[in-house]
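Structure record follows, encoded as structure tokens.
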Amino acid sequence: MNITKTTPFQGQKPGTSGLRKTVETFTQPNYLENFVQAIFDCVPELRGSLLIVGGDGRYYNDVAIQIILRMAAANGVARVLVGQGGILSTPAVSAIIRKNDAAGGIILSASHNPGGPKGDFGIKFNSANGGPAPESVTNAIYARTQIIESYKAVSSDTVDLSKRGESRMSGMKIEIIDSVADYQELMESLFDFTAISKLFISGMTFCFDAMHAVTGPYAKAIFGKLGVPDASIINAVPLPDFGGGHPDPNPIYAKELFERMFSKDGPDFGAASDGDGDRNIVLGRGLYVSPSDSLAIISANAHLVPGYSAGIKGVARSMPTSRAADLVAERLGVPAFETPTGWKFFGNLLDDGQITLCGEESAGASSDHIREKDGLWAVLMWLNIVAARGKPVTEIVREHWQDYGRNYYSRHDYEEVETAKAESVMQRLRDQLEELPGKVFGEEIISAAESFTYRDPVDRFVSENQGLMVKFKSGSRFALRLSGTGTVGATLRLYLEKYEPANGKLDADLQKTLNPIADIANTITGLKRLTDRSDPSTIS
Ligand code: G1P
Ligand code: ZN
């Protein structure tokens with residue numbers, strides 16, 4: 001075993017979802033090694049245990065896996081399961097950790113961020129429950145990176161990741177496993193594959209965009225089994241640079257899918273996932289289902305799906321996600337939780353059996369089957385609901401609004417803003433929080449303004465400064481927070497919501513409906529002026 005001397009790097013603090021930096025940063029000598037050693041130092045349970053390793057196939061995935069294997073062997077890990085070709089989607093890692101009682105998993109991904117030598121890379125540690133390590137652990141890992149002096153690795157030949165099979169590295173057992181099998185088995189246990197395949201037999205048209213990212217092989221295997229022709233799965237081959245695009249399922253990067261879905265003779269059902277397979281979007285012909293609505297509709301219909309036929313225990317959503325799911329929970333008589341942004345906050349609620357479903361406005365939804373958000377699970381959930389209700393996506397969404405009212409919702413992102421400017425916008429709003437309640441802006445009266453603090457109902461851990469929120473008496477609101485996943489400058493996210501009751505106007509233009517709220521947010525925060533931006537960089 002070799003012990004290599006090293007010195008700390010600034011800024012190895014895991015963000016919303018692991019440590020995410022540019023490839024250039026990650027490939028500096030010792031950068032990845034320091035962080036990986038900090039994981040082994042802070043999670044002693046890995047010694048003598050099983051570790052799962054895989055990633056979304058982006059540039060540097062294969063090199064990073066070889067480094068991690070040599071370090072795992074030196075740090076006393078007994079056995080490692082690695083996805084064939086280094087490929088494992090984020091939800092698959094979660095499923096494999098749980099199925100095999102592993103002590104944890106290392107996921108290599110920067111999710112929807114671009115890849116390639118000039119793109120981004122990322123690393124995330126997931127705990128024995130299959131979910132992202134909680135803040136207590138990520139904080140400890142960060143603290144460790146700030147005092148690290150050396151790391152351990154064995155000398156070894158490169159492991160051939162392309163073939164399934166077993167080998168040894170200095171006493172540690174390495175198994176290269178099928179990337180899809182365990183995950184597919186789990187999906188088949190939750191959904192009515194026979195009912196879904198009948199949809200395709202009876203001619204329902206479908207398009208899934210894998211965005212040249214990790215879900216390609218999963219989608220081909222699972223949708224293939226359901227009878228979906230290969231041609232309906234586009235961009236199915238994972239590429240190290242995702243074919244040059246961002247593997248982010250939105251109208252800009254999933255352009256081909258959106259064009260097909262909004263064309264006159266477009267498919268009945270469309271969907272896409274992101275770089276590492278944890279996000280999803282679902283579309284009906286001519287209709288994009290907002291992820292906040294998707295969580296609500298899944299919650300309202302879950303009992304129709306075999307894996308959830310006993311009903312749901314509760315539902316959780318991140319603070320900026322619209323409150324559509326809360327309305328469903330209220331009607332079902334189950335609790336609704338509001339957590340900070342980031343999947344790690346759902347873990348305790350799921351482990352404790354307080355919720356069955358959870359989701360975020362950022363195209364993430366999942367259930368207690370794993371401890372990550374799950375892109376293909378959400379698509380299968382929708383397909384199963386369409387099969388059970390015998391109605392297309394568009395009709396299911398409209399009927400939901402007619403039943404519960406509509407939470408008009410949109411997120412405006414201001415990307416690559418100078419960090420100091422972005423912070424000054426946040427500070428300006430923070431400074432006004434106390435005096436805002438009661439103030440009148442046009443037709444809106446402010447009822448509350450606060451900095452979101454979350455006390456975990458299970459372990460009582462308190463997470464402060466999780467975004468700023470301004471609520472109006474009308475039920476509308478906006479929230480503002482800084483992204484914790486960007487790698488260049490700062491990204492300000494402005495979240496807008498307006499509730500329209502079931503007897504109100506349910507088919508109005510989304511942005512026009514939300515413009516008055518956006519204008520108030522801008523007036524209060526000085527967002528556009530302080531960042532020198534006239535418009536958001538991305539609207540979703
Ligand atoms: C973003 C999303 C958040 C999600 C995270 C990881 O984080 O907003 O909901 O959990 O990516 O996929 P942010 O950049 O806002 O910190
Ligand atoms: Zn992702």
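Keep in mind that this is a model prediction, so the values were computed, not measured. Start at 1 and go down the list; that is how both ligands and their atoms are numbered. Numbers here simply count residues along the sequence, with the first being 1.
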Next item on the list: Heavy-atom distances under 4.0 Å are what count here, so tell me which part of S483 touches ligand 1: side chain, backbone, both or neither.
Entry: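 Near ligand 1, S483 shows its backbone as well as its side chain.
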Notebook entry, point to check: Is it the side chain (CB and beyond), the backbone, both or neither of K344 that lies under 4.0 Å from ligand 1, heavy atoms counted?
Noted result: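 Neither part.
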Got a second to check how far [X]'s [atom1] is from [Y]'s [atom2], nearest 0.5 Å?
X: L510; Y: L496; atom1: CG; atom2: CG; answer: 9.0 Å
X: L429; Y: L480; atom1: CG; atom2: CG; answer: 6.0 Å
X: L186; Y: I370; atom1: CG; atom2: CD1; answer: 7.5 Å

Item checked: Centroid separation F242 to H212 less than 6.0 Å ->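 Here the rings of H212 and F242 have centres that are no less than 6.0 Å from each other.
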Margin query: Determine whether the aromatic ring centres of residues F223 and F208 are separated by less than 6.0 angstrom.
Written below: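 Centroid distance F208-F223: below 6.0 Å, so yes.
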Margin query: Contact between ligand 1 and S318 is defined here as a heavy atom of the residue under 4.0 Å from a ligand atom; is it met?
Written below: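 S318: no contact with ligand 1 (<4.0 Å).
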Notebook entry, point to check: Does M319 reach ligand 1, in the sense of a heavy atom lying below 4.0 Å from it?
Noted result: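 In this structure, M319 fails to qualify as a contact of ligand 1 - no heavy atom is under 4.0 Å.
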Note to self: Tell me whether the NZ or CZ atom of R406 lies within the 45° cone about the ring axis of Y408 and under 6.0 Å from its centre.
What the structure shows: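 Checked: cation-pi criterion met.
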Notebook entry, point to check: Which protein atoms of type N, O or S are found under 2.8 Å from the Zn ion (ligand 2)?
Noted result: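 Those protein N, O or S atoms (cut-off: under 2.8 Å from the Zn ion (ligand 2)) are S111 OG, D274 OD2, D276 OD1, D278 OD1.
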Does [X], backbone or side chain, put an N or O under 3.5 Å from an N or O of ligand 1?
X: R493; answer: yes
X: H112; answer: no
X: L482; answer: no
X: T341; answer: no
X: Y495; answer: no
X: K373; answer: yes

Could you tell me the residue and atom name of the protein heavy atom closest to [atom], and the distance to it rounded to 0.1 Å?
atom: atom 14 (O) of ligand 1; result: T485 OG1, 2.4 Å
atom: atom 1 (C) of ligand 1; result: R279 NH2, 3.7 Å
atom: atom 2 (C) of ligand 1; result: S362 OG, 3.5 Å

Next item on the list: Step by step, work out the side chain to side chain donor-acceptor pair (under 3.5 Å) result for E135 and S463.
Entry: CA-CA 8 Å; E135 281 216 315; S463 302; 3.3 Å; yes
Notebook entry, point to check: Of the options Y183, Y308, W377, F191, which is the one that meets H369 in a ring-ring contact (aromatic ring centres under 6.0 Å, His included)?
Noted result: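 The option that passes is W377.
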Relative to the heavy atoms of [X], which atoms of ligand 1 are at a distance of less than 4.0 Å?
X: G484; value: 13 (P), 14 (O), 16 (O)
X: E360; value: 3 (C), 4 (C), 9 (O), 10 (O)
X: G342; value: 10 (O)
X: R411; value: 8 (O)

Check: Side chains of D278 and T90: donor-acceptor distance under 3.5 Å anywhere?
Finding: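 No, no side-chain donor-acceptor contact under 3.5 Å.
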Notebook entry, point to check: Quick one: does R317's side chain get under 4.5 Å of R323's, heavy atoms only?
Noted result: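 Heavy-atom side-chain distance check passes, below 4.5 Å.
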Margin query: Taking D535 first and then R533, would you say they form a salt bridge - that is, a charged N and a carboxylate O separated by under 4.0 Å?
Written below: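 No, this pair does not count.
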Check: Can a salt bridge be assigned to the pair R455 and E338 using a cut-off of 4.0 Å between side-chain N and carboxylate O?
Finding: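 Looking at R455 and E338, the cut-off is not met.
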Compile the donor-acceptor pairs under 3.5 Å between side chains in residues 113-125 and protein atoms, sequence neighbours left out, one pair per line.
{"residue": "N113", "atom": "ND2", "partner": "D120", "partner atom": "OD2", "Å": "3.0"}
{"residue": "D120", "atom": "OD1", "partner": "T487", "partner atom": "OG1", "Å": "3.1"}
{"residue": "D120", "atom": "OD2", "partner": "T487", "partner atom": "OG1", "Å": "3.0"}
{"residue": "K124", "atom": "NZ", "partner": "E372", "partner atom": "OE1", "Å": "3.3"}
{"residue": "K124", "atom": "NZ", "partner": "E372", "partner atom": "OE2", "Å": "2.7"}

Next item on the list: Output, in order, the C-alpha distance, side-chain angles, deciding distance and verdict of side chain to side chain donor-acceptor pair (under 3.5 Å) for E497 and S476.
Entry: CA-CA 5 Å; E497 179 177 355; S476 300; over 6 Å; no
